Amino acid sequence: MSTAERRMPARRANRRAFATLKSIAGFVVVVATTYLGLLAVTFFIGRVVPIDPVLAIVGDRAPSHVVERVRQEMGFNLPYYQQFFLYVKGVLQGDFGTSVLTTNPVMTDIRRVFPATMELATVGTVIGAAFGIPLGVLAAVRRGSLADQIVRIVGLVGYSVPIFWLGLLALLVFYARLGWTSGPGRMDVVFEYTFTPITGFFLLDAILNRDWAAFRDIVSHIVLPGSLLGYFSLAYISRMTRSFMLNELSQEYIVAARAKGLSETRIIWGHALRNAAVPLVTVIALSYAGLLEGSVLTETVFAWPGLGLYITNSLQNADMNAVLGGTIVIGSVFIAINLLSDVLYRMLDPRTRTR
Amino acid sequence: MNETAMTRREWLLTDRPQSRLQARLGRAYVTWGRFAANRLAVIGMLIILGLIVLAIFAPLLAPYSPYVGDLAKSRLLPPDAAHWLGTDDQGRDILSRLIYGSRLTLQVVVLVAIIAAPLGLLVGTVAGYAGGWVDAVLMRITDIFLAFPKLVLALAFVAALGPGIGNAIIAIAITSWPPYARIARAETLTVRNSDYISAVRLMGASPWRIVLRHIMPLCISSLIVRVTLDMAGIILTAAGLGFLGLGAQPPLPEWGAMIASGRRFILDQWWVAAMPGFAILIVSLGFNLLGDGLRDALDPRGSSQ
């Protein structure tokens, strides 16, 4: 064996390490530019678009010396690029300014309301995946059948229906007329004083507290908005599942599995779905991000005290700090989930690794 | 076979078209055949045609005024023969308001498409044709916008610009161009190295001419499909903004705003909020069906998906 041949593995390892380093650096650049882009847009919305951002904060009835003082304090007399630098610095330290409406720092408010939104989106995604995946598989396996058509229509309606309207109708039917569920809000007033939140996720808190009466109440409150969001994610997940499954079922390994005499159940759930699961993880992650956004309208209808309701309440009171703070938080989570699903996809699918 | 004896169908489907017009008509005929075979797609098309007819002939079709109602006698009447969809809290006929509202819906959809699609087309084709750092920068910007939550960003934009249908349109357009840029770039990459582009370049065409006259037209069909599929989302976003009081302002009969104003009466006079919702559902379903059908007809490869 010559020395050149012996050196080969080392050089290959070097090259691989370099490639890894390069992809990590690329990833950091992507994260940083995307996040800076988000901040640039919110900065633009908050500082450049309004005719006078100071008036937008203090209100148009503030006396002129207050306006001038705020302008100085917040650095609004500086050029835009310096303002932007200060703005980014503030946001990175978790400083979104103070809410005019609640007089709290926006970050404190958001920390309080965000778990409610996450809980709702999580319940929605669980419902969406639990029903969407089997429906999508069914539609793909019985392609062109009545079942396929029904799943398709259910999905199309999910894509086409205004969520706030469906929420109103659901409240009318299931709460007001039938009395099957509780109405708007997260829990009954009765429990509000006895219930001690631990994590902010009330379902979890009730279990931790072993407070079953509260748990039942929370479930009956979350079931309507949760199913509603679940329906929307079902529309997306079932459609994508069907498409992925059709793709897998036409592959040669399925023919081979059939030739081996495996049962259809085993082929569909054990082989095809398992391979479709990789892109499905991405789809589910993206639908979770979509639900965080969809919560803005849903929470308004159901008076759900989450980030969406916080944003819309602030909107109605022209509380721009709070609106933009909420936008940044939802945007950050959105970006994070987008990138995370990208990374997950690469980790789960070995074919994408070597490139 | 004598040319005069050809049937119209044969003339359209001929392998040797005599003119460019004949070739185009032939292509259109084949595409139409594929489209018309899809019953749901035809339903979607009819819904959208119906919407356009309603919008054009609103003054003729609406039985009552959309703005003035009889406050004394016709407040919150349930649907009956005189008011097919009932009346709202100001005694206005809901059907008439919905018919006039179709104009606003159409306006939003058309204007967003007119602003966002050419913007995306331009960004995508330039990025794809230029390549190099121009491509890298433009696509990074596109990806950044693509990673944003659209509805929340549109909300923030309208909050800063002030409520109103014009600002809502701008906000939606700003957040909806990135997918078009991605599609246009992908299409550009597939054709930029083809022979006919090289031929045009050899004949001395400038890059702008190549992009505008020879690349952009090829991107149009996939762009139309995507825009049609996005229409439903645009309508829903506009309705959502209207529902939150950020879109069209009263007394304009915008469907989302109508749902918001009917919300107070949902328990006893459900039709006030329910009827506009059905209108939104039907129209966005129409766009979705039409878009699906167009995709299958224009791009037979992807039809199984």
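Since the model is a prediction, treat every value here as computed from it, not as a measurement. Just so it is clear: chains get the letters A, B, ... in the order the sequence lines come, proteins before strands, and each one is counted from 1.
- Interface remark: B:L246 contributes side-chain atoms only to the contact with chain A (heavy atom separation under 4.5 Å).
- For A:T312, the part sitting under 4.5 Å from any heavy atom of chain B is the side chain, from C-beta outward, and nothing else.
- Annotation: the span from A:S160 atom OG to B:N288 atom CG amounts to 4.0 Å, rounded to 0.5 Å.
- For the residue pair A:P162 and B:I280, the shortest heavy atom distance occurs at CG-CG2, 3.7 Å.
- The two residues A:L297 and B:F243 have their closest heavy-atom pair at CD2-CD2, 4.2 Å.
- The CG atom of B:L40 sits 5.0 Å away from atom CD1 of A:I153, with the distance rounded to the nearest 0.5 Å.
- The nearest pair of heavy atoms linking B:P149 to A:E293 is C-OE2, 2.9 Å.
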Is there a side-chain contact (heavy atoms from CB on, under 4.5 Å) between A:Y35 and B:I144? Walk through the geometry before answering. CA-CA 8 Å; A:Y35 199 67; B:I144 288 171; over 6 Å; no
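- A:Q316 contributes a side-chain N or O that, together with a main-chain N or O of B:L244, makes up a donor-acceptor pair within less than 3.5 Å.
- Counting only heavy atoms from C-beta outward, the side chains of A:Y159 and B:L285 never approach each other to under 4.5 Å.
- Between chain B and the residues A:L38, A:I311, A:L292, A:L339, the most heavy-atom pairs under 4.5 angstrom are made by A:L38.
- B:I115 meets the side-chain contact (heavy atoms from CB on, under 4.5 Å) test with B:I169, B:A173; sequence neighbours excluded.
- Both the backbone and the side chain of A:I330 come within contact range of chain B, judged by heavy atoms closer than 4.5 Å.
- Between chain A and the residues B:A232, B:G277, B:G286, B:S284, the largest count of heavy-atom pairs under 4.5 Å involves B:G277.
- The number of heavy atoms from other shown groups lying within 6.0 Å of OH (A:Y288) is above 12.
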- Taking it one step at a time, do B:D292 and A:R239 satisfy salt bridge (Lys or Arg N to Asp or Glu O under 4.0 Å)? CA-CA 13 Å; B:D292 270 1; A:R239 189 177 196 163; 3.1 Å; yes
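- Looking at A:V323, the atoms closer than 4.5 Å to chain B (heavy atoms on both sides) all sit in the side chain, from C-beta outward.
- Atom-to-atom distance recorded for A:L169:CG and B:I266:CD1 is 5.5 Å, nearest 0.5 angstrom.
- Interatomic distance, B:L289 CG to A:R152 CZ, rounded to the nearest 0.5 Å: 7.0 Å.
- Residue A:N338 holds its CG atom at 7.5 Å from CG of B:L146, rounded to the nearest 0.5 Å.
- Both the backbone and the side chain of A:V301 come within contact range of chain B, each with at least one heavy atom under 4.5 Å from a heavy atom of that chain.
- A:V29 approaches B:R140 most closely through the heavy-atom pair O-NH1, 4.4 Å.
- In this structure, A:L171 and B:R263 have side chains that are not in contact, with every pair of non-hydrogen atoms separated by 4.5 Å or more.
- Residue B:L151 holds its CG atom at 9.5 Å from OG of A:S295, rounded to the nearest 0.5 Å.
- The only option from B:F278, B:W270, B:W255 that meets the ring pair (Phe, Tyr, Trp, His ring centres under 6.0 Å) definition with A:W165 turns out to be B:F278.
- The minimum heavy-atom distance between A:T327 and B:A156, with the atom names listed, is OG1-CB, 3.9 Å.
- Residues B:F148 and A:F334 share a closest heavy-atom pair of O-CE2, 3.6 Å.
- The residue among A:V296, A:L315, A:T34, A:L324 with the most heavy atom pairs within less than 4.5 Å of chain B is A:T34.
- If you tally non-hydrogen atom pairs under 4.5 Å between each of B:V152, B:T237, B:L155 and chain A, the highest count goes to B:V152.
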